[in-house]
2 protein chains.
Amino acid sequence: MKTVYERADVVPLLAEIFRELGYEGATLSRITERTGIGKGSLYHFFPGGKEEMAAAVLADVDGWFERAVYEPLRRDDAGAAIDAMWANVMDYFRSGSRICLVGAFALDETRQRFSPVIRDYFVRWIEALRQALVRAGCDEGAALAAAEEAVSGIQGALVLSRALDDKDMFRRTLDRLADRLAAAKLEG
Amino acid sequence: MKTVYERADVVPLLAEIFRELGYEGATLSRITERTGIGKGSLYHFFPGGKEEMAAAVLADVDGWFERAVYEPLRRDDAGAAIDAMWANVMDYFRSGSRICLVGAFALDETRQRFSPVIRDYFVRWIEALRQALVRAGCDEGAALAAAEEAVSGIQGALVLSRALDDKDMFRRTLDRLADRLAAAKLEG
DNA sequence: CGTCAATTGTACCGATCGGTACAATGCAAA
DNA sequence: TTTGCATTGTACCGATCGGTACAATTGACG
């Protein structure tokens, strides 16, 4: 028996491992152990080793948010795109039981390896949300502050709901953040 | 030349290293390298090895917050204690350039080693802040929500300001959180 | 069927991991 | 000054680290 993968199949598996163990904690042996994928395959798909694996995972995550969240925020009806963002975020992070890999990498020295990608992920998120708010009639200055508050709030909810092991607090916090954003949209 | 330490001198040095490198990233060799403290001393003070070092650091952090933040929130004038909390948080986290070790440990599998301590740190923070808000005349239900929002917001600000490498965004976010808390105190 | 590149399992590498053993050194009290 | 214990530096341990080499196997295509 010999399962045959391609690179695109491997990336989501790696993502889950990096999420749970962090960059340093995700050792090659734990990766092969949890995925059943041998070193031969891994280094075939990612000749750059662990660093390339993590980079591929980050690019995959970034691409998903770009397609599912940022683009709609920039392009579609502002109200609908913002509603979709909250729904997508709730699903993607599995009500707080799944963490944000980009946020996690930002906290320790791993940041130094990937700082441009990490920064860009958040800059584009905030900017796309800000644009949507402005399109919805929000004041320019208030829009930036509200966008920062929402994105920052999501990261905080992830940390706290995980620390408390409380999915419901994640849902509550996201609901509150959504209300705040809706209020900012109107006041502006 | 042979510098002589005692356990209490070592803990803050370890704290900074765990903060920067995370639990897995903080290897014994990097610890000795950055602190200049040899393995002999480390295992003399912490016979339980790396895990005991991290536990000691967590206990130290927890103790600091208990004394400087939680107790005043429970005991002193509510308004003054809340003001002091924001000032202390801003200082302690060095305007966002220093992360919250407890929050960082909550994100990856390190959480499993220390989950009671991690949970307790946040539970007590939220509860102490909630009590202060209630004493300030805030409605019971609104007080819990406002306390959660503040503590969660701080964690988010740490993640985001570090990802963006932007101290000023940390200050801005904390100012906004403080305003929100002041508003909640009045409305109730 | 045979061909051939893509994929995979296995054995192996030097370096580093967390941890231990113990002798040498420092400091305080007698 | 001598004793005694806390503290420290060094050498060492087996296990695991990330990474490499390469032969065996696979599936797609002629």
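Every chain is numbered from 1 and lettered A, B, ... according to where its sequence line falls, protein lines coming before strand lines. Computed from heavy atoms alone, side chains included, the values below leave out hydrogens, waters and symmetry copies.
Closest to the A/Phe45 side chain, of the nucleotides D/dT7, C/dT8, D/dC17, is C/dT8. Looking at the side chain of A/Lys50, the nearest of the listed nucleotides C/dT20, C/dT7, D/dG19 is D/dG19. Side-chain atoms of B/Tyr43 lie closest to C/dG18 of the nucleotides C/dT7, C/dG18, D/dC17.
Phosphate contact (OP1/OP2 of C/dT16, side-chain N/O of B/Thr27, threshold under 4.0 Å): absent. Distances shown here put every side-chain N or O of A/Ser41 at or beyond 4.0 Å from the OP1 or OP2 atom of C/dT7. Taking only side-chain nitrogens and oxygens, A/Ser29 never comes nearer than 4.0 Å to OP1 or OP2 of D/dG18. Close to C/dT8, at under 4.0 Å from its OP1 or OP2, lies no side-chain N or O of A/His44.
Put simply, NZ on A/Lys39 is 6 Å from C1' on D/dG18, counting in whole angstrom units. One interatomic measurement links the two molecules: CD of B/Glu33 to C1' of C/dT16, which rounds to 13 Å at whole-angstrom precision. Distance, A/Ile37 CD1 to C/dG9 P: 9 Å, rounded to whole Å. Going from atom CD1 of A/Ile31 over to atom P of D/dC17 covers 10 Å, rounded to whole Å. Rounded to an integer number of Å, the gap from B/Arg30 CZ to C/dG18 P is 9 Å. Between the CG atom of A/Leu28 and the P atom of C/dG9 there is a distance of 14 Å, rounded to whole Å. Atom OH of B/Tyr23 is separated from atom C1' of C/dG18 by 9 Å (rounded to the nearest Å). Atom CD in A/Glu51 sits roughly 9 Å away from atom P in D/dG19 (whole-Å rounding).
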Margin query: Would B/Val61 and B/Tyr92 count as a side chain to side chain contact (heavy atoms under 4.5 Å, CB included) here? Give the steps.
Written below: CA-CA 10 Å; B/Val61 169; B/Tyr92 184 86; 3.7 Å; yes
Checklist line | Full working for salt bridge (Lys or Arg N to Asp or Glu O under 4.0 Å) between B/Glu127 and B/Arg74 | finding: CA-CA 9 Å; B/Glu127 173 57 18; B/Arg74 287 189 290 252; over 6 Å; no
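Between the CD1 atom of B/Ile126 and the CG atom of B/Leu144 there is a distance of 7.5 Å, given to the nearest 0.5 Å.
Each of A/Ala26 and A/Gly40 was matched to the nucleotide of DNA chain D holding its nearest heavy atom; the match closer to the 5' end belongs to A/Ala26.
Taking a cutoff of 4.0 Å between a charged side-chain nitrogen and a carboxylate oxygen, A/Arg171 and A/Asp168 qualify as a salt bridge. Classification of A/Arg19 and B/Asp108 as a salt-bridged pair fails, no side-chain N sitting under 4.0 Å from a carboxylate O.
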